[in-house]
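I have placed the structure first, in the form of structure tokens, so that the comments after it can refer back to it.
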Amino acid sequence: MNLIELRIRYNLQPLSALKSPLISSKLQPAAVLIAFTQVNNETHLILTQRPSHLRHHPGQISFPGGKVEKNDRNHIATALREAEEEIALPISNVEVLGQHPKYKTFTGFEITPVFGIVKSNFEPILDPGEVAECFTIPLTFLLKTANRQQYLYRRNGVEYPVYFIPYKQHVIWGATAAIIERLCEQLNQ
């Protein structure tokens, strides 16, 4: 699927809410950028790995993104600002297509996924305080159901699906994998 087909499929499919854990505590608003780019004429998703020294989610695979700050106009502004800070993706180099429904985490965040396409190639420059690695994963790999795994996790007597996506030396899991799962369900319709 190239970027034109991705844009069309994204615009034609209705969005539905992600299944989120039932969280009763106050949640910190956050936004992430689901950014697609062309790599050798193939559509790829941009992901990052968090440094191991971080207090929250060390070493985990994630989308560029973070907490909403008071100066951010909206969740789109948060996602774009964070991507620029973390991997030097210029805000002007992203065509924003829309937002996915919010995803609530056990760790106290309400994440708004922002969907966008990188307009032209850029050279990632990593903020070492926030990103240990930036890599891409082919959309064709993600769209194959066999490459995405789901397990049930029990918390406070309630079972929740937890998603895992092994890719090369990485294991994508948790909220990032759940957001990818919903995206793949949407694009495979």
Side-chain angles (χ1 to χ4, degrees), residues 1-13 15 18 30-51 57 60-69 71-103 111-144 147-148 163 165 167-170 172 174-189:
M1 173 182 316
N2 63 33
L3 290 176
I4 294 169
E5 293 167 328
L6 174 70
R7 184 181 294 109
I8 291 168
R9 253 194 223 185
Y10 176 83
N11 287 325
L12 291 178
Q13 299 303 326
L15 295 177
L18 287 165
V32 296
L33 182 62
I34 303 172
F36 286 94
T37 189
Q38 285 292 123
V39 177
N40 299 324
N41 294 320
E42 186 177 15
T43 301
H44 281 233
L45 174 65
I46 297 173
L47 292 170
T48 63
Q49 183 171 17
R50 296 171 57 82
H57 313 291
Q60 288 186 2
I61 305 301
S62 62
F63 298 107
K67 295 177 186 175
V68 174
E69 295 182 0
N71 293 335
D72 294 334
R73 287 186 330 270
N74 53 37
H75 291 93
I76 292 171
T78 299
L80 294 173
R81 174 185 53 75
E82 287 283 344
E84 188 168 58
E85 290 173 3
E86 291 178 8
I87 62 171
L89 174 57
I91 291 170
S92 61
N93 194 19
V94 179
E95 175 190 349
V96 175
L97 297 180
Q99 295 176 201
H100 278 209
K102 295 176 184 346
Y103 184 80
I111 302 167
T112 300
V114 175
F115 190 86
I117 294 174
V118 177
K119 297 177 194 176
S120 60
N121 291 337
F122 77 104
E123 185 65 36
I125 301 170
L126 309 184
D127 175 346
E130 297 191 59
V131 178
E133 180 184 357
C134 181
F135 64 98
T136 65
I137 183 170
L139 180 58
T140 54
F141 177 88
L142 294 171
L143 290 174
K144 292 178 185 167
N147 293 331
R148 304 185 320 268
Y163 299 95
I165 305 166
Y167 179 71
K168 295 185 178 180
Q169 75 272 21
H170 302 289
I172 305 159
T176 302
I179 292 167
I180 290 172
E181 177 67 24
R182 180 59 198 108
L183 173 66
C184 290
E185 289 174 7
Q186 176 189 359
L187 294 176
N188 278 329
Q189 290 180 1

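Values reported hereafter were calculated over all heavy atoms of this structure, with side chains retained and with hydrogens, waters and symmetry mates removed. Residues take their numbers from the sequence shown, with the count starting at 1.
If you check the side chains of Q60 and T176, you find no donor sitting under 3.5 Å from an acceptor. At a cut-off of 3.5 Å, with distance as the only test, a side-chain donor of T43 or Q38 sits close to an acceptor on the other residue.
Atom OG1 of residue T48 and atom CD of residue E86 lie 5.5 Å apart, to the nearest 0.5 angstrom. Between atom OG1 of residue T37 and atom NE2 of residue H44 there is a gap of 9.0 Å, rounded to the nearest 0.5 Å. Rounding to the nearest 0.5 angstrom, the gap separating the CG atom in N188 from the CG atom in L183 is 9.0 Å. For the atom pair CD1 (I137) and CD1 (I61), the distance works out to 9.5 Å, reported to the nearest 0.5 Å. Annotation: the span from E82 atom CD to L80 atom CG amounts to 10.5 Å, rounded to 0.5 Å. Of the inter-residue distances, the one linking N74 atom CG with T112 atom OG1 reads 9.5 Å to the nearest 0.5 angstrom.
The closest side-chain heavy-atom distance from F122 to I46 is below 4.5 Å. In this structure the side chain of Y163 never reaches within 4.5 angstrom of the side chain of I180, judged on heavy atoms. Counting heavy atoms from C-beta on, the side chains of Y167 and P138 come closer than 4.5 Å. Two residues are said to be in side-chain contact when any heavy atoms from C-beta on lie closer than 4.5 Å; Q49 and Q169 fail this criterion. Residues L33 and F63 are not in side-chain contact: their nearest non-hydrogen atoms beyond the backbone lie 4.5 Å or more apart. Side-chain contact check for I87 versus L126: some heavy-atom pair is nearer than 4.5 Å. Inter-residue side-chain proximity for V114 and V94 is flagged as unmet; no heavy-atom pair is nearer than 4.5 Å.
For the residue pair P128 and P51, the shortest heavy atom distance occurs at O-CG, 3.6 Å. The two atoms that bring P113 and I179 nearest to each other are CG-CD1, 3.9 Å, heavy atoms only. Residues K67 and T78 come closest through the heavy atom pair O-CG2, 3.5 Å. Scanning both residues, L89 and A35, for their nearest heavy atoms gives CD2-CB, 4.5 Å. Contact detail for E85 and D127: the closest heavy-atom pair is O-CB, 3.5 Å. Considering every non-hydrogen atom in both E84 and P90, the closest pair reads OE2-CA, 3.5 Å.
The aromatic rings of F36 and F115 lie tilted to each other, with the angle between the two planes from 30° to 60°.
At a threshold of 4.0 Å, the pair E185-R182 counts as salt-bridged, since one of the basic side-chain nitrogens sits closer than that to a carboxylate oxygen.
Atom NZ of K119 is surrounded by more than 12 heavy atoms from other residues, nucleotides or ligands within 6.0 Å.
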